[in-house]
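Here is the structure we will look at.
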Amino acid sequence: MSTPTIEDAPQAGNPHSAGLDAAESGKVELITITVRIRRFNPEEHPDAVWVDYQLTVDPKIRVLDAINTIKWEQDGTLTYRRSCAHGVCGSDAMRINGKNRLACKTLIKDVSPEKPITIEPIKGLTVLKDLVVDMDPFFQAYRDVMPFLITTGNEPTRERIQSEEDVQRFEDTTKCILCAACTTSCPVFWNDGQYFGPAAIVNAHRFIFDSRDEGAEQRLEILNDRDGVWRCRTTFNCTDACPRGIEVTKAIQEVKRALVTRRF
Amino acid sequence: MAIETTGSVSGVELTNAAPTDPSAFLIEPPRARTKRTGRKSRTNFEMLAWLFMRLSGVVLVFLVLGHLIIQLVLDGGVTKISFAFVAGRWASPFWQGWDLLMLWLAMLHGANGMRTVINDYAERDTTRFWLKVLLVTATVFTVLLGTLVIFTFDPNIS
């Protein structure tokens with residue numbers, strides 16, 4: 001990718017190219033980026049505003065590192081959630097360049113650092129401050145699908161045996177980390193937060209298709225309701241947004257199919 | 001909301017004398033889900049509506065395309081359409097049935113689509129209710145009027 005012209009004269013032309021090329025080959029070359037963050041503080045101003053931050057960074061760092069640098073070195077009032085920083089806890093889902101991603105799983109070099117990188121809170125949930133949203137409606141929908149094992153009869157004295165084939169039936173949806181990237185990328189959820197949303201349906205799917213569970217009928221009944229799976233428009237935003245690569249739309253369709261085949 | 005409450009919510013004591021209510025500044029999403037939201041209808045209406053959209057859509061592809069080809073392409077195209085042409089077609093129960101089925105499926109398919117659009121985009125419950133009243137009225141009126149015309153059509157009307 002790198003051409004001698006740019007390496008010899010990094011200032012000429014696009015100053016980022018050399019740094020980005022270096023990133024591809026594993027070398028360290030710093031580039032200057034602009035991070036444009038949607039700031040909102042209800043105690044200071046009624047409106048959310050875009051604020052630009054200039055940083056000189058290695059393009060191989062993650063967006064979360066860039067935000068951390070801004071908070072630690074430039075503006076301590078910047079507010080956002082993060083915990084494990086390795087794509088497991090699901091705290092730092094945010095809208096980066098218009099797409100829901102985990103800031104800790106997104107590298108600067110992959111989000112067109114030549115242009116300002118826009119960072120917004122995930123949509124469809126109440127913004128409390130900067131990138132922090134009220135997750136309560138999201139978790140309420142999660143709780144409403146009863147995401148726990150439901151069985152009848154006596155507890156077995158040994159573990160509940162399951163075949164490899166039975167595990168594979170719902171294995172994909174066990175990967176959910178409840179980051180809300182899917183639900184807050186769903187246009188139906190944006191317009192009507194009463195919709196259960198992809199994440200709740202994924203977690204219902206995880207138990208509906210678990211051979212050890214006996215609560216499938218109850219969960220299907222819940223998802224058969226007005227705000228359940230039938231509101232899905234199969235726009236695939238959720239599948240695109242999922243940082244764990246879960247085939248979310250497919251899971252929702254499987255729940256729909258289960259409803260149709262069980263009711264007829 | 002009292003100013004003390006907002007101060008404790010944010011964890012910051014508000015010391016300035018001009019009290020502005022920060023709850024007015026919150027960027028609220030429309031119709032957020034709450035603990036009270038779990039209304040159960042216990043019917044299969046949404047599933048049947050969803051299935052109807054798929055099935056009627058497939059049938060309508062043939063009905064509507066066939067209709068368009070017969071009306072607009074074959075036998076001299078649109079210029080042939082006249083009162084006599086319609087009268088000739090509706091003399092046959094087959095074309096009466098075709099048009100009746102097309103009318104009902106297209107109207108219900110379209111109305112159900114509009115219903116989902118209203119559900120998605122109407123934010124206030126009253127707006128939603130009145131839009132649906134309007135939709136149902138228009139649908140029922142069109143379907144009944146169309147059905148009436150198909151069955152009471154008089155080719156000898158003067």
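Per chain, numbering begins at 1; letters A, B, ... match sequence-line order. Worth saying up front: this structure is predicted, and the values here are computed from it rather than measured.
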For A/Thr152, enumerate each residue passing the side-chain hydrogen bond (donor to acceptor under 3.5 Å, both in side chains) test, keeping only those at least two apart in sequence or located in another chain.
A/Glu214
If you draw a 6.0 Å radius around NZ in B/Lys80, do more than 12 non-hydrogen atoms from other residues or ligands fall strictly inside?
yes
Min side-chain heavy-atom separation B/Met47-A/Val229 under 4.5 Å:
no
Could you pull out all residues at least two apart from A/Arg219 that satisfy salt bridge (charged side-chain N to carboxylate O under 4.0 Å, His left out)?
A/Asp213
Cut-off 4.5 Å, heavy atoms of chain B, and the answer for A/Lys256 is side chain
Bottom line for A/Val260: the part with an atom under 4.5 Å from chain B's heavy atoms is both
Value for CZ (A/Arg226) from OG1 (B/Thr43), rounded to nearest 0.5 Å, stands at 9.5 Å
Does B/Phe141, at its CZ atom, have more than 12 non-hydrogen atoms belonging to other residues, nucleotides or ligands within less than 6.0 Å?
no
Can you find a side-chain donor-acceptor pair between B/Asn119 and A/Asp192 that sits under 3.5 Å?
no
Answer yes or no: does atom OH of B/Tyr121 have more than 12 heavy-atom neighbours from other residues, nucleotides or ligands under 6.0 Å?
no
Neighbours of chain A found in residues 93-112 of chain B - heavy atoms under 4.5 Å:
none
Tell me, yes or no, whether the heavy-atom count around B/Phe62 atom CZ, taken from other residues, nucleotides or ligands under 6.0 Å, exceeds 12.
no
Any side-chain heavy-atom pair of B/Asp120 and A/Arg233 under 4.5 Å
yes
Just grab all the ring-ring contact (aromatic ring centres under 6.0 Å, His included) pairs involving residues 206-230 of chain A, residues at least two apart or on different chains.
A/His205-A/Phe209, A/Trp230-B/Trp50
Taking C-beta and beyond as the side chain, do B/Glu46 and A/Asp227 meet within less than 4.5 Å on heavy atoms?
no
